[in-house]
Amino acid sequence: MKSVGKFITLGLAAVVLAGGGWWWGQQSKHRSIVAAHLPSIPDLTGAHPDLQARIAEADARALSLAGARDGLAELSRLYHINGYLDTASQCYEGLATLEPASPVWPHRHATILAGFGQAAEALSLWDRVIELDPAYLPAQLRRADLLLKSSDAAGAAAAYQAVLQLDRDEAWAILGLARIDLEAERWTDARRRLERVVALTDYNLGYDLIVTLYERLGLDRSAEAIRGQAEASGAYRDPSDPWLDELMSDCYDSFRLALEAGTKSRIGEIDTALAWLRRAIEVAPQDVSAHFQLASLLARQRDITGAMTHYRRCTQLDPAFADGWAQLSGLLERNGNLAEANRILAEGLRFCPDSPGLHRMKARRLREAGQPGAAVGEYRTAIRLRPNEPDSYIELGITLISLDRRREGVAEIEKALVYDPLNPSALGILAFDAIDSGNKTRADEWMARIAEQPRMQPQELQRLNTAYRRAFGG
């Protein structure tokens, strides 16, 4: 039995040694590949100290036997998301050699090359990504967008159609086809597709294009109606891309984190936006704008305690930042703590005496407290500090009318139209004043302007029409 046991022991030892030899051989091979692709550490002058430390640690790990692959992977993330793109590209080349079956490395690499204008190289990499993972739509969309940008409309159209075969409601693919239609002046097809895009995204995508198209087709009222109910989306945004988004947890640029968080917030990815804003504050605790943006998002999510914490932090970090005081005071007021809201407002005015927003807020509080005479002075101060703000004129006008200074009040409200000719509040007040005064000529003029204003609320329009009929018949 002893001989049998000894034989088994020797056999196990041989297996362990063989396994260890295989592991050693694999790790040595990986380290050789990594060493061949490991970039030199770039100039990190001015970089966040934590980023410098992490890069140094990952670089050392990439030179080790057991951690070469993981070290190179971490370097690729840190370099890519923090703007060292040439260096990240070298890392991706090594990772693609180590793991040729992974679509993640060529996808991230392709986004860098596309940004550098190396379209052919990027397209080749995206072809590889789609071969490895045909269900990953962000890669297909980026490839299609690059084809369109490279003036290959036919290739781009085929690529967008391939996406729609997988997801018929993919708004970015429909938008891409609409862009192709617009370039080819296929107005009917472009209109059909753009109307579907804005319906799918609630005007978060395609807003600018559909307004321009309607104007080209002479549908001015349709264009104006969209302007009245939707906010311009600004520049074209890339679709969500989880393989790139996950890099943000390694970003050390608070401005970029906050900027990208704003985009995520607008398209409804609130949890991601919150995480990135918290990351922005983690890497830059003194960044007032990041605290303010996080507070505003928390307030919209009804996290009142969290919102107040970050608004208050804004006032501590930068007492001259008037918006911090205004938002904190407003939030306190809306939650029933008027005494504290007024204290914060007074404190804000002490630090920001030239803030038109804070003076306007004080004017509103005085008016609501039954002190319209004192409110008039605050409104005039707000107007002096920011003369192009229509709401201050309107609120001053309403206050003057409440003091039986009707002519003065109407004159102030008319001034609002100098800065916003289609302001629905001003138009409504002036129309009602003309009706109430029995001035049919003026009432007709204001009602005609209101008829061209899509922002007017239906119930307000109905109220004006009823008052007009009672006053003048018809």
Side-chain angles (χ1 to χ4, degrees), residues 103 106-217 219 222-223 226 230-245 260 263-264 266-269:
H107 177 64
R108 292 177 179 170
H109 192 186
T111 63
I112 293 175
L113 296 179
F116 286 162
Q118 297 175 236
E121 295 88 341
L123 289 169
S124 177
L125 286 174
W126 271 319
D127 286 341
R128 176 62 177 159
V129 174
I130 293 167
E131 177 187 338
L132 292 169
D133 189 350
Y136 192 65
L137 296 187
Q140 297 208 37
L141 287 168
R142 287 179 180 275
R143 176 178 174 274
D145 287 346
L146 185 53
L147 286 167
L148 182 57
K149 187 177 179 180
S150 302
S151 301
D152 184 357
Y160 289 128
Q161 291 289 1
V163 171
L164 293 175
Q165 291 296 314
L166 297 172
D167 182 354
R168 61 188 299 272
D169 292 329
E170 176 47 70
W172 274 272
I174 301 169
L175 179 64
L177 291 170
R179 288 177 179 275
I180 294 170
D181 289 332
L182 287 172
E183 289 183 7
E185 300 186 354
R186 294 190 292 266
W187 310 125
T188 301
D189 289 339
R191 178 181 176 182
R192 171 176 54 83
R193 287 190 164 116
L194 285 173
E195 287 176 342
R196 186 148 178 248
V197 168
V198 297
L200 285 169
T201 66
D202 193 24
Y203 291 90
N204 280 308
L205 199 63
Y207 166 94
D208 298 327
L209 287 178
I210 199 168
V211 168
T212 302
L213 176 61
Y214 280 156
E215 290 173 339
R216 181 183 289 273
L217 295 175
L219 303 172
S222 296
I226 292 173
E231 185 176 332
S233 60
Y236 175 82
R237 298 189 309 273
D238 289 328
S240 292
D241 190 333
W243 292 349
L244 291 181
D245 287 350
E260 298 290 348
T263 298
K264 291 298 184 183
R266 285 192 296 275
I267 63 176
E269 296 184 25

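Since this is a predicted model, take the numbers as computed values, not measurements.
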(request) For Leu175 and Leu209, run side-chain contact (heavy atoms from CB on, under 4.5 Å): C-alpha distance rounded to whole Å, both residues' side-chain angles, the deciding distance at 0.1 Å, then the answer. (result) CA-CA 9 Å; Leu175 179 64; Leu209 287 178; 3.8 Å; yes
(message) So, using side chain to side chain contact (heavy atoms under 4.5 Å, CB included) as the criterion, who are the partners of Pro103 when residues are at least two apart?
(response) Val129, Leu132, Asp133, Trp243
(request) Kindly indicate whether the side chain of Leu200, heavy atoms from C-beta on, has any atom under 4.5 Å from the side chain of Trp172. (result) no
(request) Taking side chain to side chain contact (heavy atoms under 4.5 Å, CB included) as the test, write out the residues that go with Leu123, two or more places apart. (result) Arg143, Leu146, Leu147
(message) If the condition is side-chain hydrogen bond (donor to acceptor under 3.5 Å, both in side chains), which residues does His109 pass it with, not counting sequence neighbours?
(response) none
(request) Grab the two heavy atoms, one from Pro138 and one from Ser240, that are nearest each other, plus how far apart they are. (result) CG-O, 3.4 Å
(message) Just checking Arg216: does its CZ atom have more than 12 heavy atoms from other residues, nucleotides or ligands closer to it than 6.0 angstrom?
(response) no
(request) Check whether any side-chain heavy atom of Arg142 lies under 4.5 Å from a side-chain heavy atom of Leu244, and answer yes or no. (result) yes
(request) With sequence neighbours excluded, tell me which residues meet side-chain hydrogen bond (donor to acceptor under 3.5 Å, both in side chains) with Glu131. (result) Arg128
(request) Output, in order, the C-alpha distance, side-chain angles, deciding distance and verdict of side-chain contact (heavy atoms from CB on, under 4.5 Å) for Ile112 and Gln118. (result) CA-CA 9 Å; Ile112 293 175; Gln118 297 175 236; over 6 Å; no
(request) Determine the minimum heavy-atom distance between Leu213 and Trp187, stating which atoms define it. (result) CD1-CE3, 3.7 Å
(request) Applying side chain to side chain contact (heavy atoms under 4.5 Å, CB included), name anything that partners Arg186, two or more places apart in sequence or on another chain. (result) Ile180, Asp181, Ala184, Asp189
(request) Go through the steps for Trp126 and Thr111 under the test side-chain contact (heavy atoms from CB on, under 4.5 Å), then give the verdict. (result) CA-CA 9 Å; Trp126 271 319; Thr111 63; 3.7 Å; yes
(request) Report yes if the side chains of Arg191 and Tyr214 come closer than 4.5 Å at any heavy-atom pair, otherwise no. (result) yes
(message) We want to know whether Thr263 and Arg266 form a side-chain donor-acceptor pair, criterion being a heavy-atom distance below 3.5 angstrom.
(response) yes
(request) Not counting sequence neighbours, which residues clear side chain to side chain contact (heavy atoms under 4.5 Å, CB included) with Ala144? List them please. (result) Ala159, Tyr160
(request) Would you check if Asp169 and Arg196 make a side-chain contact, meaning some heavy-atom pair closer than 4.5 Å? (result) yes
(request) Answer yes or no: is there a donor N or O on one side and an acceptor on the other, between the side chain of Gln140 and the main chain of Ile130, under 3.5 Å? (result) no
